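Please read the structure below before turning to the comments.
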Amino acid sequence: MNQLDSPTYYAVTRKYDLRFPTLKGDIDADVVVVGGGFSGINTALELAERGITNIVVLEARHLGFGGTGRNGGQIMAGIGHDLDRVKQHVGEDGLRELFRISNLGAGIIKDRIRKYGIDADFHHGYAYLGYNRRQEKTLREWEKDFQAADPDTEVRLYTGSEVSKVVGSDVYGSALLHMGAGHVHSLNLLLGEARALHGHGARIFEDSAVKRVEYGDRVTVHTAMGRVRAQKMLWACNAFLDGMELSIYRKTVNTYAFQLCTEPLSDDLIRRISPIRGAYSDIRPIIDYYRVTAENRLLFGSATALLDYIPKDLKGWNRSLMLKVFPYLKDVRIDLAWGGPLCCGANLFPQIGTVPGHPNVYYVQAYAGFGVTPSHIVCKVLAEGMAEGSARYDLMRSVPHADIFGKDSLRAVMTTAGKAWNQLGGYFNGRR
Ligand SMILES: Cc1cc2nc3c(=O)[nH]c(=O)nc-3n(C[C@H](O)[C@H](O)[C@H](O)COP(=O)(O)OP(=O)(O)OC[C@H]3O[C@@H](n4cnc5c(N)ncnc54)[C@H](O)[C@@H]3O)c2cc1C
């Protein structure tokens, strides 16, 4: 087994014993969705809530096999990276609308959990962490932005010795607390959403990899043992697309992120690490991100800095980063470590739209490492587009996404160059 696919915290603590059959034979549907992660299931659920329930979801392995079952469970504010990057395409008004859309975030997840009674350990409390004065200045600006966007939510910048009220580490000089964000058990959230989708009448198939697609007025999607004919189709394979649809595959490149999970810790230790029992990320271009879990474990995540590199010893790699932040965890046992690919576009903005020449074939991808909340936001907008069309769907799809030249043949060079560019950009936008 690929070490990135090692058992995750989510797999060993899943609460829903939800399994779906393999597709066998020919069926018809209004919409066929390829990919059983947050993107596929959320778009389908949004469509079902709009009355389009004759939906088939095809998942190659099992629901949550991709990033959705591997992530840090971090629910951050917003849609992802600095939205200013797309301002030149959407203008001032468009940017304002994107800010409005990006604020839907945690609210959609909370509504889902409430509406469908999903047991997913949702917890409020998030902090963005700064190492130096430059980052503190950035966080001060974010504080104003977050407060303006959501005046009823507690948002507060802590600096100097006060940082310990938010996080138990000496390495940070500032911490921006955002009580609107937080963390969630992402696999249980996904499975709860899938159960809700199934309850609406949609059909879900696992172990049903799509092998081939014929486009046309009706799309025919082939798996090893069956076929789905549908009026509309959605590609929701993200970092796992693996060249299946070249026109969208070309617009992204994968990098990698890694996670560890500690043994359960004492209440005292958890209070010391995280007085808010929250989730955290520093704001460097290549971040450390971590959170506590309902069982008092620490999930600590990282990504590689400059090279397209997968460490041989995932536990050791992440542990050394964790000890830089929390040296007092040196005797703590690491129970699990895993990782996975992140699908990134050149401007780090999520990509939605239709495959060129095929207006009934939609796609969504490229959350650039930040997909738990954004997938819920973006797929709401995408479902509007797929169902009846909407101005905000047109706005989001209008952002152009460049092909990434040489993404396979020059992969290592591309990734290194891309990250170096990102690091440099990080300096100019106050993240370094
Ligand atoms: C280690 C790691 C940590 C992360 N941490 C965070 C975090 O803390 N916060 C955050 O916001 N984001 C995080 N992310 C990113 C986030 O998890 C993803 O952006 C998000 O889950 C993507 O969801 P998705 O449904 O688009 O893709 P995925 O969940 O990857 O789902 C795609 C699915 O498509 C299926 N598929 C592929 N090909 C086929 C085929 N031919 N036929 C049928 N099915 C197919 C795959 O099996 C897979 O299940 C992290 C990602 C990783 C890897």
Side-chain angles (χ1 to χ4, degrees), residues 4-6 8-10 23 32-44 56-81 105-106 109 126 181-184 186-187 189-190 193 204-213 221-224 228 234-245 249 252 254-260 279-281 287-291 299-303 310 314 318 337-344 350-352 363-379 382:
L4 295 179
D5 299 342
S6 302
T8 67
Y9 157 74
Y10 299 105
L23 175 69
V32 58
V33 172
V34 186
F38 277 141
S39 293
I41 295 296
N42 267 284
T43 310
V56 169
V57 178
L58 299 172
E59 163 54 45
R61 306 286 287 269
H62 53 81
L63 297 187
F65 172 77
T68 301
R70 303 174 188 226
N71 59 66
Q74 305 232 332
I75 298 186
M76 294 149 145
I79 221 166
H81 303 264
I109 295 177
Y126 197 94
H183 53 89
V184 73
S186 50
L187 183 61
L189 175 59
L190 175 80
E193 290 170 334
I204 302 174
F205 296 94
E206 295 178 308
D207 289 318
S208 302
V210 169
K211 306 281 186 202
R212 187 165 67 83
V213 180
V221 174
H222 298 255
T223 66
V228 183
L234 172 65
W235 284 111
C237 301
N238 213 353
F240 292 79
L241 182 67
D242 201 17
M244 283 287 293
E245 170 47 62
Y249 179 70
T252 64
N254 283 354
T255 64
Y256 292 89
F258 317 107
Q259 286 277 314
L260 69 67
Y280 304 85
S281 122
I287 59 173
D288 292 337
Y289 55 102
Y290 45 90
R291 71 171 177 100
L299 296 193
F300 193 96
S302 65
I310 299 175
L314 278 189
N318 259 1
W338 66 94
L342 308 173
C343 180
C344 306
Q351 302 176 358
I352 60 175
Y363 65 87
V364 54
Q365 60 182 9
Y367 301 106
F370 181 28
V372 175
T373 325
S375 58
H376 285 77
I377 300 169
V378 168
C379 294
L382 172 61

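No experiment lies behind these values; they were computed from the predicted model shown. For ligands, and for the atoms within them, numbers begin at 1 and follow the listed sequence.
- For a threshold of 3.5 Å applied to N or O pairs, the pair formed by Gly72 and ligand 1 contains at least one separation below that value.
- The nearest protein atom to atom 45 (C) of ligand 1, hydrogens excluded, is given as Ala60 CB, 3.6 Å; this is a heavy-atom distance.
- The nearest pair of heavy atoms linking Val33 to Gly40 is CG1-CA, 3.5 Å.
- In the vicinity of Arg70, heavy-atom distances shorter than 4.0 Å reach the ligand 1 atoms 1 (C), 2 (C), 3 (C).
- Checking His376, Gln74, Gln365, Lys211 against atom 8 (O) of ligand 1, the nearest heavy atom belongs to Gln74.
- Formation of a donor-acceptor pair under 3.5 Å by the Glu206 side chain with backbone atoms of Leu63 is found in this model.
- In terms of protein heavy-atom proximity, atom 49 (O) of ligand 1 is nearest to Glu59 OE1, 2.7 Å.
- With ligand atoms numbered from 1 in the order given, ligand 1 contributes 1 (C), 2 (C) to contacts under 4.0 Å with heavy atoms of Ala257.
- Contacts with ligand 1 closer than 4.0 Å are made by heavy atoms of both the backbone and the side chain of Phe370.
- Atom 22 (C) of ligand 1 has as its closest protein heavy atom Asn238 ND2, 3.2 Å.
- The shortest N or O to N or O distance between Val210 and ligand 1 is under 3.5 Å.
- The distance from the CZ atom of Phe300 to the OH atom of Tyr290 is 6.5 Å, given to the nearest 0.5 Å.
- Protein heavy atom in closest approach to atom 20 (C) of ligand 1: Thr68 OG1, 4.0 Å.
- The residue from Tyr289, Tyr126, Tyr280 that alone fulfils the side-chain hydrogen bond (donor to acceptor under 3.5 Å, both in side chains) condition with Gln74 is Tyr126.
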Please test Ser375 against Asn42 for side chain to side chain donor-acceptor pair (under 3.5 Å), starting from the C-alpha separation and ending with a verdict.
CA-CA 8 Å; Ser375 58; Asn42 267 284; 4.8 Å; no
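- At least one heavy atom of Gly369 sits closer than 4.0 Å to an atom of ligand 1.
- At the top of the distance list for atom 12 (N) of ligand 1, counting protein heavy atoms only, stands Gly371 N, 2.9 Å.
- Shown in contact with Gly73 at under 4.0 Å from a heavy atom are these atoms of ligand 1, numbered in order with element: 8 (O).
- In this structure, Ile75 and Ala106 approach most closely via the heavy-atom pair CG2-CB, 3.8 Å.
- With a heavy-atom cut-off of 4.0 Å, Tyr289 touches ligand 1 through its side chain alone.
- The nearest heavy-atom contact from the protein to atom 4 (C) of ligand 1 is Asn71 CB, 3.1 Å.
- For Thr68 (side chain) and Phe38 (main-chain N/O), a donor-acceptor pair under 3.5 Å exists by modelled atom type.
- The aromatic rings of Trp338 and Tyr10 sit perpendicular to each other, their planes meeting at more than 60°, with 30° as the lower class boundary.
- His62 and Phe65 have perpendicular rings, their planes meeting at more than 60° on a 0 to 90° scale where under 30° would count as parallel.
- With hydrogens and angles disregarded, no donor-acceptor distance shorter than 3.5 Å links the side chain of Arg61 to the backbone of Gly36.
- Residue contacts with ligand 1 for Ser375 are absent, since no atom lies close enough (heavy atoms, distance under 4.0 Å).
- Heavy-atom proximity to Leu58, at under 4.0 Å, picks out these atoms of ligand 1: 43 (C), 44 (N).
- Asn318 contributes a side-chain N or O that, together with a main-chain N or O of Phe258, makes up a donor-acceptor pair within less than 3.5 Å.
- Ligand 1 lies out of reach of Ala239, whose nearest heavy atom is not under 4.0 Å from it.
- The distance criterion of under 3.5 Å between nitrogen or oxygen atoms is not met by Gln259 with respect to ligand 1.
- The protein non-hydrogen atom at the shortest distance from atom 24 (P) of ligand 1 is Ser39 OG, 3.5 Å.
- Nearest approach of Ile287 to Ser281, heavy atoms of both residues: CD1-OG, 3.9 Å.
- To the nearest 0.5 Å, the span separating CZ on Phe370 from CE on Met76 amounts to 5.0 Å.
- Regarding atom 52 (C) of ligand 1, its nearest protein heavy-atom neighbour is Leu342 CD2, 3.5 Å.
- For Ala209, the heavy-atom gap to ligand 1 drops under 4.0 angstrom.
- Listed by atom number, the atoms of ligand 1 under 4.0 Å from Val372 heavy atoms are 9 (N), 10 (C), 11 (O), 12 (N).
- Leu342 contributes atom CG, which lies 11.5 Å from atom OG1 of Thr252 (distance to the nearest 0.5 angstrom).
- Remark: distances from the non-hydrogen atoms of Pro341 to ligand 1 include one below 4.0 Å.
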